[in-house]
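Since the structure comes first, as structure tokens, the remarks are kept for the end.
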There are 2 protein chains.
Amino acid sequence: MSENPTDLRVVRTKQAIRSALIALMEEKGFEAICVKDITERATINRGTFYSHYEDKFDLMDKCQEQLLKEMETKIVPNIPKLIEETKQDDAGPMPISALMPFFEFLRANQSFMKALLGPRGDAAFQVKMKECLHRGLFGQEHAIFKAEGLLVPPRYLASYIASAHIGIIQEWLNGGAIEPPEDIARIISGMTIKGPLFAAGIRQKPDA
Amino acid sequence: MSENPTDLRVVRTKQAIRSALIALMEEKGFEAICVKDITERATINRGTFYSHYEDKFDLMDKCQEQLLKEMETKIVPNIPKLIEETKQDDAGPMPISALMPFFEFLRANQSFMKALLGPRGDAAFQVKMKECLHRGLFGQEHAIFKAEGLLVPPRYLASYIASAHIGIIQEWLNGGAIEPPEDIARIISGMTIKGPLFAAGIRQKPDA
DNA sequence: AAGTAAAACGACAGTTTGTTTATTATCTTA
DNA sequence: TAAGATAATAAACAAACTGTCGTTTTACTT
């Protein structure tokens with residue numbers, strides 16, 4: 001309810017609860033977590049949990065919402081830049097600078113992201129994240145892809161690209177996000193623009 | 001334990017349990033299902049459930065395992081054909097015939113697949129399915145992609161392609177799998193071989 | 001330093017879980 | 001088709017988790 005919690009106790013408890021959630025997600029997965037687990041890990045009273053959240057699902061929702069809100073911030077403002085770079089590219093370097101804030105954000109929130117997108121994560125979050133990417137790429141007034149004249153139904157184009165990106169992110173996080181964000185941005189852009197097989201060096205010169 | 005259940009009672013109950021699981025998955029999602037729900041829906045005694053499965057997770061595992069086993073059957077035997085078609089294509093029709101059994105299988109198991117891959121589904125299943133696709137494409141002796149000379153790390157190539165495919169499948173199932181399998185196969189192949197942007201008609205003639 | 005609000009504590013009934021018992025129903029096969 | 005085997009039912013059990021409440025204690029704000 002409280003928008004701006006000024007009381008330090010509230011801030012502390014909420015932080016403890018969220019940290020506990022993330023830690024437990026990595027250990028057991030959300031499904032196996034019960035409220036008792038969370039409160040024990042956060043060393044707070046169980047009743048206190050219920051004074052902040054309805055149940056563990058409510059907690060999860062709030063955490064995801066916050067994350068997605070921030071995430072969108074890292075994408076939307078960079079769309080115009082991305083369009084520029086995508087258009088002018090053909091042989092030169094891949095358009096990566098526009099994607100950097102996004103991947104840096106993912107790395108900064110590594111543990112939670114990994115837990116959410118991992119095998120014990122939340123399928124609903126993947127859907128939300130796809131929608132986020134979708135809005136970022138298609139929902140703008142200066143959208144990359146005008147929905148006219150496509151050879152493939154827009155839904156499928158969007159699904160393909162969004163899912164592929166999430167797949168790369170999962171792989172990246174799963175390996176500990178060792179590679180610098182630039183590398184990942186380059187890999188993703190290359191495969192999306194030139195096509196996965198071509199970018200990988202398997203197919204050569206695909207002409208119509 | 002029993003490999004081949006000859007007793008009709010066993011067959012009946014197991015079938016009832018699985019049907020109940022699928023129905024409830026669509027309604028509430030796996031997370032919200034309890035054993036009591038399943039047994040009530042299946043109109044069997046709760047004790048009977050426990051004589052067949054350890055818990056709802058065990059049931060889920062068994063169902064997924066069976067599905068994945070069959071699924072692999074629809075992919076692996078068609079890999080050689082797929083390679084042929086992928087190689088010879090450049091301007092002609094997309095290689096689709098090799099993918100048909102796979103998409104037909106998905107459609108035949110529509111409700112369960114949709115539930116598993118949907119927002120209330122199981123993230124672990126998506127991972128397993130990606131591994132399945134991965135094995136199908138990379139794990140063969142006559143693999144499509146030799147792991148040498150790739151411009152993109154093989155892990156990322158595989159993740160990209162597998163995730164993109166699953167994304168398309170999700171979109172397809174989510175819309176009720178209205179389009180015939182051929183159409184979906186064509187869309188998927190096109191984007192993978194020529195690249196999503198090119199296949200969509202946004203970029204033209206991508207040369208190195 | 002006083003007033004206020006949060007957190008802790010402990011208890012509550014209601015569910016769900018997994019196990020176990022004795023009993024009934026049903027299938028297999030001889 | 002009858003006998004024996006085995007699956008399914010019914011009912012009860014402790015244990016764990018849930019969500020809620022009222023009271024007491026703690027600690028933050030001003």
Side-chain angles (χ1 to χ4, degrees), chain A residues 1-64 66 115 120 122 124, chain B residues 1-66 115 120-122 124:
Chain A
M1 284 298 172
S2 56
E3 281 306 307
N4 261 9
T6 51
D7 199 318
L8 289 188
R9 290 170 294 186
V10 179
V11 180
R12 241 187 283 124
T13 346
K14 285 201 169 184
Q15 230 154 36
I17 289 176
R18 294 193 172 204
S19 299
L21 174 67
I22 295 173
L24 287 165
M25 287 258 302
E26 297 184 80
E27 291 171 28
K28 321 166 118 193
F30 183 69
E31 171 101 43
I33 298 176
C34 63
V35 174
K36 197 185 142 214
D37 291 331
I38 298 172
T39 57
E40 274 178 4
R41 180 67 59 103
T43 41
I44 58 159
N45 190 271
R46 203 162 59 84
T48 306
F49 177 91
Y50 285 107
S51 72
H52 288 293
Y53 304 101
E54 281 184 28
D55 48 32
K56 67 169 185 164
F57 301 101
D58 183 41
L59 168 63
M60 187 57 142
D61 278 349
K62 300 261 170 69
C63 290
Q64 288 185 8
Q66 182 193 310
R120 287 173 167 169
D122 181 4
Chain B
M1 285 295 170
S2 56
E3 282 307 306
N4 262 6
T6 51
D7 197 319
L8 289 187
R9 289 169 295 183
V10 179
V11 179
R12 240 187 283 125
T13 21
K14 285 201 168 184
Q15 229 154 37
I17 289 175
R18 297 194 169 203
S19 299
L21 174 67
I22 294 174
L24 288 166
M25 288 258 302
E26 296 182 83
E27 290 172 29
K28 319 168 123 195
F30 183 67
E31 172 100 43
I33 299 175
C34 63
V35 174
K36 197 184 142 216
D37 291 332
I38 298 171
T39 58
E40 274 178 4
R41 180 66 60 103
T43 42
I44 59 160
N45 191 269
R46 204 161 57 83
T48 306
F49 177 91
Y50 286 107
S51 71
H52 288 294
Y53 304 101
E54 280 183 27
D55 48 33
K56 68 169 184 164
F57 301 100
D58 183 42
L59 167 64
M60 188 56 142
D61 278 351
K62 300 262 170 70
C63 290
Q64 288 186 9
E65 206 174 317
Q66 182 194 308
R120 287 174 167 170
D122 181 5

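Heavy-atom basis, side chains included; hydrogens, waters and symmetry copies ignored. Residue numbers start from 1 in every chain, and the chains themselves are labelled A, B, ... in the order their sequence lines are given, proteins ahead of strands.
- Nucleotide D:dG19 holds its P atom 11 Å from the CD1 atom of A:Ile38, rounded to whole Å.
- When all heavy atoms are compared, the tightest approach of B:Gln64 to B:Asp122 is NE2-OD2, 2.9 Å.
- Rounded to whole angstrom, the span from the CZ atom of A:Phe49 across to the C1' atom of C:dG10 amounts to 19 Å.
- DNA chain C is contacted by both B:Cys34 and B:Asn45; B:Cys34 maps to the nucleotide lying nearer its 5′ end (nearest heavy atom per residue).
- With D:dA7, D:dT9, C:dG18 as the candidates, the nucleotide lying closest to the side chain of B:Asp55 is C:dG18.
- Following rounding to the nearest Å, B:Tyr53 (OH) and C:dT17 (C1') show an atom-to-atom distance of 19 Å.
- When rounded to the nearest whole Å, the span between CG of B:Asp7 and P of C:dT28 equals 5 Å.
- Annotation for B:Glu65: atom CD does not count as buried by contact number, only 12 or fewer foreign heavy atoms lying within 6.0 Å.
- Both B:Asp37 and B:Arg9 lie close to DNA chain C; mapped to their nearest nucleotides by heavy-atom distance, the more 5′-ward contact belongs to B:Asp37.
- Side-chain N or O atoms of A:Ser19 include none that pairs as donor or acceptor with a backbone N or O of A:Ala16 at under 3.5 Å.
- Taking only side-chain atoms of A:Lys36, from C-beta outward, the nucleotide of C:dT16, D:dC17, D:dA7 with the closest atom is D:dC17.
- Residue B:Tyr50 places its side chain closer to C:dG18 than to any other of D:dT20, C:dG18, C:dA25.
- Within the 3.5 Å criterion, the main-chain N or O of B:Glu40 finds no donor-acceptor partner in the side chain of B:Thr43.
- Contacts of B:Thr39 with the nucleic acid, taken as non-hydrogen atoms under 4.0 Å apart, are absent.
- The side chain of A:Leu8 sits closest to D:dC28 out of C:dC27, D:dC28, D:dA8.
- You'll find that the side chain of B:Val35 is closest to C:dT17, out of C:dT17, D:dC17, C:dA7.
- Look at CD1 on B:Ile44: it is 20 Å from P on D:dT6, rounded to the nearest Å.
- One can place CZ of A:Arg12 at 13 Å from C1' of D:dT29, the figure rounded to the nearest angstrom.
- Following rounding to the nearest Å, B:Lys14 (NZ) and D:dA8 (C1') show an atom-to-atom distance of 15 Å.
- A donor-acceptor pair under 3.5 Å links the side-chain atoms of A:Arg120 to the main chain of A:Glu27, judged by distance alone.
- In this structure, the nucleotide among C:dA5, C:dG18, D:dA8 sitting nearest to the side chain of B:Arg46 is C:dG18.
- Secondary structure note: stems in DNA chain C built from 3 or more consecutive Watson-Crick or G-U wobble pairs under 3.5 Å occupy C:1-11 with D:20-30, C:13-17 with D:14-18, C:19-30 with D:1-12.
- Using a distance-only test at 3.5 Å, with no hydrogens or angles considered, a donor-acceptor pair links the side chain of B:Lys56 to the main chain of B:Phe30.
- With DNA chain D read from its 5' end, the first of the two nearest nucleotides for A:Ile33 and A:Gly47 is the one closest to A:Ile33.
- Not a single donor-acceptor pair under 3.5 Å links the side chain of B:Asp58 to the backbone N or O of B:Asp55.
- Residue B:Thr13 has a polar side-chain atom (N or O) positioned under 4.0 Å from OP1 or OP2 of D:dA8.
- When the side-chain nitrogen and oxygen atoms of B:His52 are compared with OP1 and OP2 of D:dA7, none of them lie within a distance under 4.0 Å.
- In this entry the distance linking NZ of A:Lys56 with P of D:dT18 reads 8 Å, nearest Å.
- B:Thr13 places a side-chain N or O within 3.5 Å of a backbone atom of B:Val10 that can act as its donor or acceptor partner.
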